[in-house]
2 protein chains.
Amino acid sequence: MELNDRKKMILQAIIDEYIVSAEPVGSRAISKKNELGLSSATIRNEMADLEEMGFLIQPHTSAGRIPSDVGYRFYVNSLMHRYKMGIEAIEQLERELRSKITRLDKTIMRAGYLAAALTDYTTVISTPVGESMEINKLDLVPISDDAVMFIIVTRTVKSRMIKTQLTADECTIVAQVLNNMLAGKTAEDISYDTIHEIEKICCGKLGIEPKVMINLLHFVYESISELDDGEIYVENAKSILKYPEYRDIDKAREIFSFLEDKNNLKKLVAQTDNEGIKAKIGTENEPEILKDSSLVTVNYSLDGKAVGKLAVIGPKRMNYSQVFASLDLISNEIDKLIGYISKDEE
Amino acid sequence: MELNDRKKMILQAIIDEYIVSAEPVGSRAISKKNELGLSSATIRNEMADLEEMGFLIQPHTSAGRIPSDVGYRFYVNSLMHRYKMGIEAIEQLERELRSKITRLDKTIMRAGYLAAALTDYTTVISTPVGESMEINKLDLVPISDDAVMFIIVTRTVKSRMIKTQLTADECTIVAQVLNNMLAGKTAEDISYDTIHEIEKICCGKLGIEPKVMINLLHFVYESISELDDGEIYVENAKSILKYPEYRDIDKAREIFSFLEDKNNLKKLVAQTDNEGIKAKIGTENEPEILKDSSLVTVNYSLDGKAVGKLAVIGPKRMNYSQVFASLDLISNEIDKLIGYISKDEE
DNA sequence: ATTAGCACTCGACTAATTTGAGTGCTAATA
DNA sequence: TATTAGCACTCAAATTAGTCGAGTGCTAAT
């Protein structure tokens, strides 16, 4: 059987309708819209065909049709009219996103928040993984008699408290060595040998107690390794409760639990490494729990290299058109902003 | 009518039962437990009395009784047997809490998480407000041609990106001035006059462009002011969905929205400034939305001064005994840990 | 090829009914 | 006098039966 233009239009009308109503769509409803000028009987025949071809599903004999995963897929690939953001929406977004440029990770969080606000679905956003981040400065600040704060400045700032016997003066000296040896490098440039060398310098020439130094460097190394770990933020998880597909409270709880475990999310977001905006519909998603949901992802990049992901999670009948447009807009804005934060653009 | 011992025991038995079952408790259920050796008829009479006295409520004629807010209040004040944490639970908690001492705020977050894990209710925890925090160090690190990272180290580390035309050398100099003028002080010690003085020094003797300097100091001042703002974290919000009192998904959504707005939480947590562990039951809570929930709060302190709050939010029939014990334990641990992080204890 | 017409299906809704946990009261009992 | 067994009564919740209507598939007419 052939998927002619009329069938396509009917399929599109059904999906458009289902996206807003969340109820099985009947032939009469489509016919009444009168865009096609066809009677319900004709539509009915076409719908039967579309069902046979796998694009539609009938929940039970006397109900209307709902789109199958295949139907959605075809819709997203070929039918959906790309929604265009209004110019004032774009400008507003730019303003909102730029108003609070304080640190890369804050900006990323804000972008996730805005994507959630724009789409009213749940968003997941990952911060850049550190490999591409050059260390600008390191510091050791004594904050009590037996503890120092270790600080690494890249495009963002990470810190951790280390319990150690270093004196304030020793902190200054060691910090200087650390900067000499490590500043300008990225996390992956730094091997354990480098750390070892630092140890030799400090314990040798500078006469710092080896035991103290080893302990300290252990944490320093750990912190640097952790630079690679991107963070993941979830925004607007509560929107889940808004959609009838998650009316079953146990289902909602399952999803909440899933979203709460960052490992799940990292895996999820890592699975999609393609260019551009991609949708994973229903069973196309690996995790069983998302088989009734859709995931739309986009990369944002830095120096042309993809470094982070922004994802929207919602019901399968999500408003793909709007979600695509929102993600497109926001990822572009982030790209611009990251460049702006990290280099001298604008 | 007098609330004699037998009535008290019956009330206690009813509430204990209702806490686990969430179903109206009938006379037979109490009688069958046989701890009192009374027939259901006798219990029935006593229950009628307790209802008349306002401790119990009968949802409808042919149902058992549930505790009223007054009933819970009496239970919490006088009836509840204080649950004692097992020694190994305590030790485990200490281990878990200490294993990741990196920064004060991380530790606080972790405490909130552990309280949630221990009680399986939602927790809200606020970080110390900054007034008591001494500035250890300030720094300006250039991270691109037109942006520097401004860093303040107290017991924790805060940073923000500032767009400015300062050169690397100028950064070093200004940072030095900032440290001379501000290190060792607390946020409230620093007035706008101090900032003004810094401006004079930098622009005068050091010859830095006033426009650049004013812009920079504006953000510096803002950042220092923000030191006072405690953060608020919510953990385990999803547990809401677990309890039958929130089965109504719209109610659950309302609570989620409430929990999402940090202003609500700040207000909520600010309202309870008493010593020790306090419960607010049902309508004792200000926000209308919590009228079917209970809130248990505890302060944690630093140098004997209350600086932050830990709160548990759950259904009115929460396991008060266990929640009280958990909060008691955790707040004590935090007290110890904060001392440890900030000063030289242990 | 399209559509009007019609019998048929089946979930959703409503009303009627049954069930049973729990009560309050009364009379018997210790 | 306090307690309890016994029983009639109540009422929400669960079950069953019955109705409604949106929607289908098929057939015959256009």
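Residue numbers start from 1 in every chain, and the chains themselves are labelled A, B, ... in the order their sequence lines are given, proteins ahead of strands.
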Novice: Side chain of Ala48(B): nearest nucleotide among dG24(C), dG25(D), dC10(C)?
Specialist: dG24(C)

Novice: Taking for each residue the nucleotide of DNA chain D with the nearest heavy atom, is it Ala41(B) or Val25(A) whose nucleotide lies nearer the 5' end?
Specialist: Ala41(B)

Novice: Taking C-beta and beyond as the side chain, do Leu268(A) and Ile313(A) meet within less than 4.5 Å on heavy atoms?
Specialist: yes

Novice: Rounded to the nearest Å, what distance is computed from the CD atom of residue Glu51(A) to the P atom of nucleotide dT24(D)?
Specialist: 10 Å

Novice: Ignoring hydrogens, what is the shortest heavy-atom contact between Leu38(A) and Ser31(A)? Give both atom names and the distance.
Specialist: O-OG, 3.0 Å

Novice: Just the rounded figure in Å: distance from P of dG22(C) to NZ of Lys32(B).
Specialist: 8 Å

Novice: Does Thr42(B) make a side-chain N or O approach to OP1 or OP2 of dT4(D) shorter than 4.0 Å?
Specialist: yes

Novice: Is the centre of the Phe256(A) ring less than 6.0 Å from the centre of the Phe256(B) ring?
Specialist: yes

Novice: What is the distance from NZ of Lys7(A) to P of dT2(C), rounded to the nearest Å?
Specialist: 10 Å

Novice: Which nucleotide sits closest to the side chain of Arg44(B): dT24(D), dA5(D), dT23(C)?
Specialist: dT23(C)

Novice: Taking atom types as modelled and ignoring hydrogens, do the side chains of Tyr75(A) and Asp16(A) form a donor-acceptor contact shorter than 3.5 angstrom?
Specialist: yes

Novice: Between Arg247(A) and Asp250(B), does at least one N-O distance fall below 4.0 Å, as a salt bridge requires?
Specialist: yes

Novice: Could you state the CD-P distance from Gln58(A) to dG25(D), rounded to the nearest angstrom?
Specialist: 5 Å

Novice: Using a heavy-atom cut-off of under 4.0 Å over every strand shown, decide if Thr61(B) touches base, sugar-phosphate, or nothing.
Specialist: sugar-phosphate

Novice: Separation of Asn45(B) atom CG from dG22(C) atom P, in whole Å?
Specialist: 17 Å

Novice: Under 4.0 Å: is that the gap between some side-chain N or O of Arg6(A) and OP1 or OP2 of dT2(C)?
Specialist: yes

Novice: Of all the choices, dA12(D), dT24(D), dC10(C), which nucleotide is nearest to the side chain of Met47(A) once you look at every atom?
Specialist: dT24(D)

Novice: Which residue in the set Lys291(B), Arg317(B), Lys251(B) passes salt bridge (Lys or Arg N to Asp or Glu O under 4.0 Å) when paired with Glu245(B)?
Specialist: Arg317(B)

Novice: In whole angstrom, give the distance that lies between atom CD of Glu46(A) and atom C1' of dT3(C).
Specialist: 13 Å

Novice: Represent DNA chain D in dot-bracket notation, 5' to 3'. Only Watson-Crick or G-U wobble pairs with both distances under 3.5 Å count; pseudoknot-style crossings use [ ] and interstrand partners use |.
Specialist: ||||||||||||||||||||||||||||||

Novice: Is Arg65(B) near enough to dG24(C) that one of its side-chain N or O atoms lies under 4.0 angstrom from OP1 or OP2?
Specialist: yes

Novice: Between Ser39(B) and dT4(D), does any side-chain N or O lie under 4.0 Å from OP1 or OP2?
Specialist: yes

Novice: Is the gap between the ring centers of Tyr233(B) and Tyr113(B) under 6.0 Å?
Specialist: no

Novice: dA1(C) C1' sits how many Å from Glu2(A) CD, rounded?
Specialist: 16 Å

Novice: If the cut-off is 4.0 Å, is Arg28(A) near the phosphate of dT3(C), judged by side-chain N/O to OP1 or OP2?
Specialist: no

Novice: Check the distance between dT24(D)'s C1' and Ile66(A)'s CD1 and give it to me in whole angstrom.
Specialist: 16 Å

Novice: Looking at every strand, decide which applies to Ser27(B) at a 4.0 Å heavy-atom threshold: base, sugar-phosphate, or nothing.
Specialist: sugar-phosphate

Novice: Testing Lys7(B), Lys8(B), Arg44(B), Arg65(B) for salt bridge (Lys or Arg N to Asp or Glu O under 4.0 Å) with Asp49(B), which one passes?
Specialist: Lys7(B)

Novice: Compare the minimum distances between each of dC11(D), dT4(D), dA4(C) and the side chain of Leu38(B), then state the nucleotide with the smallest one.
Specialist: dT4(D)

